[in-house]
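Below: one structure, written as structure tokens.
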Amino acid sequence: MELQLTPETEAKLNELARRTHRGTDELLQEAVDHLLTYNEWFERKVNGSLAAAERGETVPDEDVRAWIG
């Protein structure tokens, strides 16, 4: 697998690796792991919210406006 980074992003990655005494491969693996974990969490939340809406478990607009206002 190849990854194309902009020169600016690559420079930032190299600087982070230098400051943290870690390899760029290790940092990229960690970043991908975080991305995948976040996306899995987000998908579960969205699917759960859609299912709740289908069951009619919603909050009336007036209540939302009262919370914000």
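Residues passing the side-chain hydrogen bond (donor to acceptor under 3.5 Å, both in side chains) test with T9, sequence neighbours excluded: T6. For the side-chain hydrogen bond (donor to acceptor under 3.5 Å, both in side chains) test, no residue two or more places apart in sequence or in another chain qualifies with R19. Here L3 pairs with L5, L28 under the side chain to side chain contact (heavy atoms under 4.5 Å, CB included) rule; sequence neighbours left out. Not counting sequence neighbours, A31 has no partner by the side chain to side chain contact (heavy atoms under 4.5 Å, CB included) test. Shown here are the side chain to side chain contact (heavy atoms under 4.5 Å, CB included) partners of A11, two or more places apart in sequence or in another chain: there are none. When the side chain to side chain contact (heavy atoms under 4.5 Å, CB included) test is applied to T24, the partners found at least two apart in sequence or on another chain are L13, N14, A17. Contacts of E8 classified as salt bridge (Lys or Arg N to Asp or Glu O under 4.0 Å), with partners at least two apart in sequence or in another chain: K12. Partners of E10 by salt bridge (Lys or Arg N to Asp or Glu O under 4.0 Å), not counting sequence neighbours: none found.
Screening residues 20-30 for salt bridge (charged side-chain N to carboxylate O under 4.0 Å, His left out) gives R22-E26, R22-E30 as the qualifying pairs, with residues at least two apart or on separate chains. The salt bridge (charged side-chain N to carboxylate O under 4.0 Å, His left out) contacts involving residues 48-57 comprise R55-E57, where partners must be two or more places apart or lie in separate chains.
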Listing, residues 35-46 side-chain donor-acceptor contacts under 3.5 Å, not counting sequence neighbours, or none:
| residue | atom | partner | partner atom | Å |
| --- | --- | --- | --- | --- |
| T37 | OG1 | D33 | O | 2.9 |
| N39 | ND2 | L35 | O | 3.4 |

List the atom pairs, with distances to 0.1 Å, where a side-chain N or O of residues 60-69 and a protein N or O form a donor-acceptor pair under 3.5 Å, not counting sequence neighbours.
none

